[in-house]
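Residue numbers begin at 1 in each chain, while the letters A, B, ... track the order of the sequences.
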There are 2 protein chains.
Amino acid sequence: MTKPVKTSRPARIEALRLENQLCFALYATTNRMTRLYQPLLAELGITYPQYLVLLVLWEQAPRSVGAIGQELDLDSGTLTPLLKRLETAGFVTRIRDTADERRVIISLTEAGAQLRERAAEIPGQLACRVQLSRAEAIALREQLKQLQRALAMD
Amino acid sequence: MTKPVKTSRPARIEALRLENQLCFALYATTNRMTRLYQPLLAELGITYPQYLVLLVLWEQAPRSVGAIGQELDLDSGTLTPLLKRLETAGFVTRIRDTADERRVIISLTEAGAQLRERAAEIPGQLACRVQLSRAEAIALREQLKQLQRALAMD
DNA sequence: TGCAATTAAATTGTGTGCAATATAAATTTG
DNA sequence: CAAATTTATATTGCACACAATTTAATTGCA
């Protein structure tokens, strides 16, 4: 935690201007990005957060609900109903761990695994819309990760 | 729109890795930022999207629902119920425009205007958590705005 | 061993986001 | 000037996010 910075009243009012808010830039850009994904993911029958869960599972499955939540920084209040919808859609299974009955293990079904091939086309389709060079996009992504770490709760 | 880039299958699979996704970096960082705001805004009795609406109104009020939506990139499906909650909380009024009965004009109440003074402390409190220099924060913000514009629907 | 503390997931309740649709008022046009 | 079109907001329905709480299982420790 850095030392608190004393600011004048005009400076504090200036900081409240929408265009000066880093947080609003994040918020609005994320909303737009998600809206852009929506029609592409709708063809696969999933939403953006469901896509994120599948990205995690395509890298490694099966995984517990908690392990998925750790990767995505989401809690069971968000994940439990989302995973039930993915189960209903036939992309994952939810089975309680016999070794530790508190855990629920999420696995990919055949359909869930196969969806990966179709999803592989999506990043390229979106890259066209991002008017950044590959290097710029990577730099931005790494800055965001750094900010995300700085915002970690402790 | 830039030209489509042909990619190999391994490259497409690599692009699906969570850690390579700019979009997930945006998503996760925004969620964290909002969580960080939450306890500060709760003291004022508002949520983060409600805070954004008030930021817009503190710069200029009264404004129509549509004008607020244009600033925040939100539609009436999001704003109408949110504004009703701000009205119930006593921070704004919602009055149909007599000159154009389609429009609803949102104004600040005395309580809504006064909330600005207390809110003015918030950006400084959050700046402490963001481990970026002022220049870095501004650079990141401007890159995000550029990306946001690139993602504009047409 | 026995029980308090911890952990994992589910549940409850509130507030967004947004697509799709509905409603009503204003504007355009033939 | 009346019908078709457009515009502004509201409504409906669905899927998140997340705080707070609950439930059940495991771990720690006296």
Side-chain angles (χ1 to χ4, degrees), chain A residues 24 26-43 45-54 63-70 72-89 94-106 153, chain B residues 24 26-43 45-54 62-70 72-89 91 94-106 153:
Chain A
F24 172 64
L26 273 167
Y27 167 89
T29 308
T30 300
N31 284 346
R32 276 219 181 154
M33 188 76 95
T34 306
R35 283 200 296 267
L36 224 52
Y37 267 97
Q38 194 275 328
L40 303 178
L41 294 173
E43 290 181 35
I46 56 177
T47 65
Y48 183 69
Q50 289 169 16
Y51 171 70
L52 292 179
V53 168
L54 290 174
R63 295 221 218 193
S64 68
V65 173
I68 296 169
Q70 203 156 18
L72 300 178
D73 204 6
L74 294 173
D75 70 4
S76 69
T78 299
L79 285 176
T80 296
L82 186 158
L83 289 166
K84 284 182 179 174
R85 283 186 286 269
L86 280 180
E87 183 184 38
T88 301
R94 298 167 60 249
I95 298 173
R96 210 159 267 280
D97 189 348
T98 50
D100 183 343
E101 292 276 356
R102 292 171 304 180
R103 293 168 170 276
V104 169
I105 303 298
I106 309 299
M153 307 289 193
Chain B
F24 172 64
L26 273 167
Y27 167 88
T29 308
T30 300
N31 284 347
R32 275 220 180 152
M33 187 77 95
T34 306
R35 282 201 295 267
L36 225 52
Y37 267 96
Q38 194 274 330
L40 303 179
L41 293 173
E43 290 182 35
I46 57 177
T47 65
Y48 182 70
Q50 290 169 14
Y51 171 69
L52 291 179
V53 168
L54 290 173
R63 295 221 217 193
S64 69
V65 173
I68 295 169
Q70 203 156 16
L72 300 179
D73 205 5
L74 295 173
D75 70 3
S76 69
T78 300
L79 285 176
T80 296
L82 187 158
L83 289 166
K84 284 181 178 175
R85 283 187 284 270
L86 280 179
E87 182 185 37
T88 300
F91 297 130
R94 298 167 60 250
I95 297 172
R96 211 158 267 280
D97 189 347
T98 50
D100 183 342
E101 293 276 355
R102 292 171 305 179
R103 293 168 170 276
V104 169
I105 303 299
I106 309 299
M153 307 290 194

Side-chain (A:Asp75) to main-chain (A:Thr78) donor-acceptor, under 3.5 angstrom: yes
B:Arg96 side chain to B:Arg102 backbone, donor-acceptor under 3.5 Å: yes
Quick check for you: among [options], whose closest atom lies nearest to any side-chain atom of [X]?
X	options	answer
A:Arg94	D:dA10, C:dC18, C:dA10	C:dA10
A:Val104	D:dA17, C:dA9, D:dT11	C:dA9
B:Val65	D:dT9, D:dC18, C:dA25	D:dT9
B:Arg102	D:dT7, D:dA19, C:dT11	D:dT7

Could you check how far [atom1] of [X] sits from [atom2] of [N], rounded to whole Å?
X	N	atom1	atom2	result
B:Gln70	D:dA8	CD	P	9 Å
B:Gln50	C:dT14	CD	C1'	11 Å
A:Leu36	C:dA19	CG	P	11 Å
B:Arg63	D:dA8	CZ	C1'	17 Å
A:Asp75	D:dT21	CG	C1'	13 Å
A:Arg96	C:dA9	CZ	P	8 Å
B:Asp100	C:dT27	CG	P	6 Å
B:Arg103	C:dA24	CZ	C1'	15 Å

Whether A:Tyr48 and B:Tyr27 hold their rings parallel, tilted or perpendicular, with breakpoints at 30° and 60°: perpendicular
Residue mapping more 5' on DNA chain C - nearest nucleotide basis, A:Leu79 or B:Thr98: A:Leu79
5' precedence on DNA chain C between B:Leu82 and A:Gln38 (nearest-nucleotide basis): B:Leu82
Distance (rounded to the nearest 0.5 Å) between A:Leu52 CG and A:Ile68 CD1: 11.5 Å
Regarding [X], tell me which of base, sugar-phosphate or nothing describes its non-hydrogen contacts under 4.0 Å with the strands shown.
X	value
A:Thr47	sugar-phosphate
A:Thr34	nothing
A:Ala99	sugar-phosphate
B:Gly66	sugar-phosphate

Other residues, nucleotides, ligands: >12 heavy atoms within 6.0 Å of B:Glu101 CD: yes
Considering just the side-chain nitrogens and oxygens of [X], establish if one lies under 4.0 Å of OP1 or OP2 belonging to [N].
X	N	answer
B:Lys84	D:dT11	yes
A:Tyr48	C:dC18	no
A:Arg35	C:dC18	yes

4.5 Å side-chain heavy-atom contact, B:Leu54 and B:Ile46: yes
A:Thr78 or A:Asp97, whichever maps to the more 5' nucleotide of DNA chain D: A:Thr78
Side-chain-base donor-acceptor pair under 3.5 Å for A:Thr80 and C:dA9: no
